[in-house]
There are 2 protein chains.
Amino acid sequence: MVKIADVAKEANVSVATVSRVLNKKGSVKPETCERVYKAIEKLSFEPNMSARNLRRNETRVILIIAPNITNPYYAHILAGIGDEAAKLGYSALIYNTAGNEERERSSMDMLKRKRADGAILLACNTDSLWVAEYAEKYPLVHCSEYVEKLDVPRVSIDNYKAAVDVMEYIIGLGHKKIATISSCNSYISTVLRLQGYKDTLKKHSLAMKKRYIAFADAEYSFKSGKTAAFDLLKQKDRPTAIFCISDTIALGAITAAKEMGLRVPEDVTITGFDDVDYTTMFHPYITTIAQPCYELGRESFKLLHACMSNKKEIDKKVILPHKFIIRESSAPISTCN
Amino acid sequence: MVKIADVAKEANVSVATVSRVLNKKGSVKPETCERVYKAIEKLSFEPNMSARNLRRNETRVILIIAPNITNPYYAHILAGIGDEAAKLGYSALIYNTAGNEERERSSMDMLKRKRADGAILLACNTDSLWVAEYAEKYPLVHCSEYVEKLDVPRVSIDNYKAAVDVMEYIIGLGHKKIATISSCNSYISTVLRLQGYKDTLKKHSLAMKKRYIAFADAEYSFKSGKTAAFDLLKQKDRPTAIFCISDTIALGAITAAKEMGLRVPEDVTITGFDDVDYTTMFHPYITTIAQPCYELGRESFKLLHACMSNKKEIDKKVILPHKFIIRESSAPISTCN
DNA sequence: ATGAAAGCGCTAACAG
DNA sequence: CTGTTAGCGCTTTCAT
């Protein structure tokens, strides 16, 4: 292994000088600088990060705590984080925790061991209060989901507003019997979207019926969406519109409707949420809320970087704009209904 | 920051002893050991990885070089690598390179800087000979795609055999006019699958027609699959079956067929490859080759770990079994065709 | 079974 | 502008 001392010898300077040119800190005479570069080149020297990290007490590595990188929603966020991080010379250590607190904590412990400088948490439940004990010691940011009670920096969309947008649209279409398929997880987004559903109903003096509220599983699986939709639609007084809190659920709902002989959107309007890859792979293309996943990731890293650099005057609650996209799975209520 | 010296003082022993109990190496009297544990607990000591890495000259971190983690195929492999790595106490640094050689190389340079102990390359082109210069110095393994000319350890399925399996099946269904949609990338899997297509045709004395071979874009995009299928199917003497080298392409092809008023599989048989998430989200469910992505990832890590541990007596060319799944998008040729 | 001490490769304070 | 040197926190050899 070639080290700084070797380069120094080759260039006939001291290690301090080599370090200076390496880090472009302090002043070095151009010719000396040149000699050092030549030596580095000649010996193909590469600085040892472990040594540098130990000395500087920083790693230029961040942690990403994700429940499931296989989910395209998270995958896009990861891509955003990764690209932005790379720009500033950071690398990302990704941990797949399946939402398991044990694994989340042990991943976060890499912070204590100085394996990383900060962390981005992708999907904390609303009740993950344990995050606080890390937040007070290390730079942390929540992306997309967060713990409401904690004052941890975060970036997300306005889930409540987005849900209201969809509901106002559906109601504007003339629908009165509007159901929702929520999820049995306890993410803040789930809570907020359900609240948006309820509040908008109320605002328009539409009764909220328990039997119009169904729940898919925690992972928004296609299958559970299908099952939930089936339960909703088999009711005598079936809903004419279903507000689903994810695209996969909406996809499952559309499939259920079709299998029951119902046309989408003629017989039932179905909307999704997130706008992941497959919303336009099949007809009907799904009416949905598009989340700026990639941007969410980028902003998260920027925010984390600000925290790691101890910038004080920054906004710790970043809300990115969502986009409501009307496509084919929604339509005005038909007169036959 | 609490360090080993603090623990040593607290436990009334030397740093060497603390290190011994920390690493369970060398012998320490049970009672001393106990005292040390108590001290560690009391001070909530956590070893500094940078220091350890520097001293041990290893990081327990591996690099994953992926073109696009947003692609579910890669995402599943990543999950497999990550889980297996975690089991052995390794973390994964993931780099998204978009297939850009420059970025691939600069990511790999983390090996030189001792930021990681080895790397898994997910999608090298057949002509990425530059990999050789890293392979001779660092533990490396190719996963799923590889550079044929290089003797780098690798794990993948038998793409040639898989393609032959599909083709034999299609031919067995009575089809004579069989097209393929390949890709314009230069992955070994693409080459092998096309070869399997051609060879099987020949074996059955079926003419290989240039106009029956179409190409989707390098990323197997849905859109390019659709376009390619359209070109294939608009021919007067249109094919009655299309062997697509990816599921997204097959999805695009099915959409194209439908838009042209062709039924799948009644009018045209379409097969996919990989069996990613959305093969069974819509009808017709896609007949495809299932790749054991997650296992591919796990095996890759195991192989890499063997390399990093300098195990000599290991198989450096791991082939995992694929599975041929017959679903709804394929059927015997109809008599009308 | 335990301790003293050397040193991994780098940075940065200090001196010149 | 450049060099000397003291560590960063840990592991490990060599004594005892």
Side-chain angles (χ1 to χ4, degrees), chain A residues 1-40 43-61 89 109-117, chain B residues 1-40 43-61 89 109-117 137-138:
Chain A
M1 150 152 298
V2 20
K3 49 192 162 182
I4 270 195
D6 301 322
V7 176
K9 195 176 293 175
E10 174 74 27
N12 252 303
V13 293
S14 73
V15 292
T17 301
V18 176
S19 178
R20 276 185 205 106
V21 342
L22 234 37
N23 301 297
K24 304 188 195 331
K25 265 186 200 165
S27 46
V28 183
K29 208 200 299 179
E31 347 169 15
T32 318
C33 201
E34 193 55 35
R35 276 216 316 287
V36 172
Y37 277 128
K38 282 230 175 71
I40 289 176
L43 306 177
S44 20
F45 163 83
E46 297 272 354
N48 180 315
M49 289 307 179
S50 296
R52 174 177 288 177
N53 294 342
L54 173 59
R55 188 55 232 240
R56 289 200 188 152
N57 199 29
E58 67 157 26
T59 62
R60 297 227 139 210
V61 166
D109 284 343
M110 290 303 168
L111 254 16
K112 299 183 181 165
R113 306 199 187 123
K114 297 270 168 207
R115 173 147 275 172
D117 302 335
Chain B
M1 150 151 301
V2 21
K3 49 191 161 184
I4 268 195
D6 302 322
V7 176
K9 195 175 293 176
E10 175 73 27
N12 251 300
V13 293
S14 72
V15 292
T17 300
V18 177
S19 178
R20 278 185 204 105
V21 342
L22 235 36
N23 301 296
K24 306 189 197 326
K25 264 186 200 166
S27 47
V28 184
K29 211 199 300 176
E31 348 169 16
T32 318
C33 202
E34 194 54 37
R35 277 216 315 287
V36 173
Y37 277 128
K38 283 229 175 71
I40 289 176
L43 307 177
S44 21
F45 162 83
E46 296 273 355
N48 180 314
M49 289 307 180
S50 296
R52 176 176 286 177
N53 293 343
L54 173 60
R55 188 54 232 240
R56 290 198 186 153
N57 199 29
E58 66 157 25
T59 62
R60 296 228 138 209
V61 167
D109 285 342
M110 289 305 169
L111 254 16
K112 299 183 182 166
R113 303 194 191 128
K114 297 269 166 208
R115 172 146 276 172
D117 302 335
K137 290 187 196 153
Y138 310 100

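In what follows, chains carry the letters A, B, and so on, assigned in the order in which the sequence lines appear, proteins first and then strands, with residues in each chain numbered from 1. Computed over heavy atoms, backbone and side chain alike; hydrogens, waters and symmetry mates excluded.
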Value for CG (Leu22(A)) from CD1 (Ile40(A)), rounded to nearest 0.5 Å, stands at 5.0 Å
Rounding to the nearest 10°, end axes of the helix from dA1(C)-dT16(D) to dG16(C)-dC1(D) built from five pairs each make an angle of 40°
- prompt: Should Arg52(B) be listed as having a side-chain N or O under 4.0 Å from OP1 or OP2 of dT11(D)?
  reply: yes
Atom CZ of Arg115(A) and atom C1' of dC10(D) are separated, to the nearest Å, by 14 Å
Atom NZ of Lys3(B) and atom P of dT11(D) are separated, to the nearest Å, by 14 Å
Atom NZ of Lys9(B) and atom P of dA4(C) are separated, to the nearest Å, by 13 Å
Taken to the nearest whole Å, NZ/Lys24(A) to P/dT11(C) is 12 Å
Of dG9(D), dT11(D), dG9(C), the nucleotide closest to the side chain of Asn48(B) is dG9(D)
Atom NZ of Lys112(A) and atom P of dG9(D) are separated, to the nearest Å, by 18 Å
State, with a plain yes or no, whether a side-chain heavy atom of Val7(B) is found less than 4.5 Å away from one of Glu10(B). no
- Message: Tell me whether the side-chain N/O atoms of Lys114(A) come closer than 4.0 Å to OP1 or OP2 in dG9(D).
- Response: no
Original post:
Is the side chain of Arg113(A) donor-acceptor paired with the backbone N or O of Glu46(B) at a distance under 3.5 Å, no angle test?
Top reply: no
Shorter than 3.5 Å, N or O on both sides, protein versus nucleotides 1-4 of chain D: list them out with atom names.
{"from": "dC1(D)", "atom 1": "OP2", "to": "Ser27(A)", "atom 2": "OG", "distance (Å)": "2.8"}
{"from": "dT2(D)", "atom 1": "OP1", "to": "Thr32(A)", "atom 2": "OG1", "distance (Å)": "2.3"}
{"from": "dT2(D)", "atom 1": "OP2", "to": "Lys29(A)", "atom 2": "N", "distance (Å)": "2.7"}
{"from": "dT2(D)", "atom 1": "OP2", "to": "Thr32(A)", "atom 2": "OG1", "distance (Å)": "3.3"}
{"from": "dG3(D)", "atom 1": "OP2", "to": "Ser14(A)", "atom 2": "N", "distance (Å)": "2.7"}
{"from": "dG3(D)", "atom 1": "OP2", "to": "Ser14(A)", "atom 2": "OG", "distance (Å)": "3.3"}
{"from": "dG3(D)", "atom 1": "OP2", "to": "Thr17(A)", "atom 2": "OG1", "distance (Å)": "3.0"}
{"from": "dG3(D)", "atom 1": "N7", "to": "Arg20(A)", "atom 2": "NH2", "distance (Å)": "3.3"}
{"from": "dG3(D)", "atom 1": "O6", "to": "Arg20(A)", "atom 2": "NH2", "distance (Å)": "2.4"}

Here the distance between atom C1' of dG7(C) and atom CD1 of Ile4(A), to the nearest Å, is 16 Å
Rounded to the nearest 0.5 angstrom, the OG-CZ distance for Ser50(A) and Arg52(B) is 12.0 Å
Rounding to 0.5 Å, atoms CD (Glu58(B)) and CZ (Arg56(B)) come to a distance of 5.5 Å
Arg113(A) CZ to dC8(D) P, in whole Å, measures 22 Å
Report task. Please test Asp117(A) against Thr59(A) for side-chain hydrogen bond (donor to acceptor under 3.5 Å, both in side chains), starting from the C-alpha separation and ending with a verdict. Result -> CA-CA 6 Å; Asp117(A) 302 335; Thr59(A) 62; 2.8 Å; yes
CE (Met49(A)) and CZ (Arg60(A)) are apart, to the nearest 0.5 Å, by 9.0 Å
For dC10(D), does OP1 or OP2 lie under 4.0 Å from any side-chain N or O of Asn53(B)?
no
Sorted by position of nearest nucleotide on DNA chain D, 5' first, the leading residue of Met49(B) and Arg55(A) is Arg55(A)
With heavy-atom distances below 4.5 Å as the criterion, would you say the side chains of Phe45(A) and Asp6(A) are in contact? no
Between CG of Asn57(B) and C1' of dG9(C) the distance, given in whole Å, is 10 Å
Could you tell me if the side chain of Asn53(B) sits less than 4.5 Å from the side chain of Arg115(A), heavy atoms only? yes
Under 4.0 Å from OP1 or OP2 of dT11(D): is there any side-chain N or O of Lys25(B) that close?
no
